[in-house]
Chemist: 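I'd like to ask you about the structure that follows.
In this chain, numbering begins with 1 at the start of the sequence shown. Side-chain atoms are counted along with the backbone in the values below, which use heavy atoms only and exclude waters and symmetry mates.
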Amino acid sequence: MSTGGSGDVLTGVIAGLIAQGAKPELAAPLGVYIHGLAGDAAADSCGRYSLMAGSLLEALPDIFKKKEGIESW
């Protein structure tokens, strides 16, 4: 998660939540949580040492699919 572009993915997740109407004070911690879930999923699929920002992007759709309809989001 400390590779180039990982922070850009985090920023994009937070910005996307705000663009969909989330308040910034909710979007920031929720974005960090989603980013972490994507990191865990990416590490499981490609390994901790090969994880890159693109791996996070590839994991995001599955993260959102699993969480659809959960009211706490």
Side-chain angles (χ1 to χ4, degrees):
M1 301 279 286
S2 61
T3 62
S6 293
D8 296 325
V9 174
L10 173 60
T11 300
V13 170
I14 294 170
L17 292 169
I18 293 170
Q20 293 179 54
K23 294 182 180 180
E25 59 269 17
L26 174 63
L30 182 56
V32 170
Y33 176 69
I34 293 168
H35 189 256
L37 290 175
D40 290 342
D44 286 345
S45 76
C46 68
R48 286 185 342 186
Y49 299 109
S50 340
L51 190 132
M52 296 173 58
S55 306
L56 297 172
L57 287 174
E58 291 173 6
L60 283 174
D62 288 336
I63 299 301
F64 283 109
K65 283 181 196 171
K66 289 178 185 175
K67 300 296 182 183
E68 277 184 11
I70 295 177
E71 294 302 319
S72 62
W73 282 53

Chemist: Find the distance between CG (L10) and CD1 (I14) and round it off to the nearest 0.5 Å.
Modeler: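 Answer rounded to 0.5 Å: 4.0 Å.
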Chemist: If every non-hydrogen atom of G5 is compared with every non-hydrogen atom of A53, which pair is closest and at what distance?
Modeler: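 Closest approach of G5 to A53: C-CB, 3.5 Å.
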Chemist: Roughly how far apart are I34 CD1 and L56 CG, rounded to 0.5 Å?
Modeler: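 I34 CD1 to L56 CG: 12.5 Å, rounded to 0.5 Å.
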Chemist: Check whether any side-chain N or O of T11 sits under 3.5 Å from a backbone N or O of G7 as a donor-acceptor pair, and report yes or no.
Modeler: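 Yes; at least one donor-acceptor contact below 3.5 Å.
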Chemist: Honestly curious: do I18 and L26 fall in one hydrophobic cluster under the side-chain, below-4.5 Å linking rule?
Modeler: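 As far as the 4.5 Å side-chain criterion goes, L26 and I18 are not connected within one cluster.
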Chemist: Which heavy atom of I63 sits nearest to which heavy atom of A41, and what is that distance?
Modeler: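 So the two residues come closest at CD1-CB, 4.2 Å.
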Chemist: With rounding to the nearest 0.5 Å, note down the distance linking CZ in R48 to CG in D40.
Modeler: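 It is 11.5 Å, given to the nearest 0.5 Å.
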Chemist: Rounded to the nearest 0.5 Å, what separation is found between the CG atom of L51 and the OG atom of S45?
Modeler: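 Between atom CG of L51 and atom OG of S45 there are 8.0 Å.
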Chemist: Hydrophobic cluster membership, with links at side-chain heavy-atom distances under 4.5 Å among I/L/V/M/F/W/Y: are L57 and Y33 in one?
Modeler: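 Same cluster.
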Chemist: In Å and rounded to the nearest 0.5 Å, what is the CE to OG distance from M52 to S6?
Modeler: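 That separation rounds to 9.0 Å.
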Chemist: Between CG of L37 and CZ of F64, what distance do you get to the nearest 0.5 Å?
Modeler: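 The distance works out to 9.5 Å.
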Chemist: Any side-chain heavy atom of V9 sitting closer than 4.5 Å to one from L60?
Modeler: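 Answer yes - side chains close enough.
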Chemist: To check you understand the geometry: which heavy-atom pair defines the closest contact between A59 and A38, and what is its length?
Modeler: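 Closest pair (atom of A59, atom of A38, distance): CB-O, 3.7 Å.
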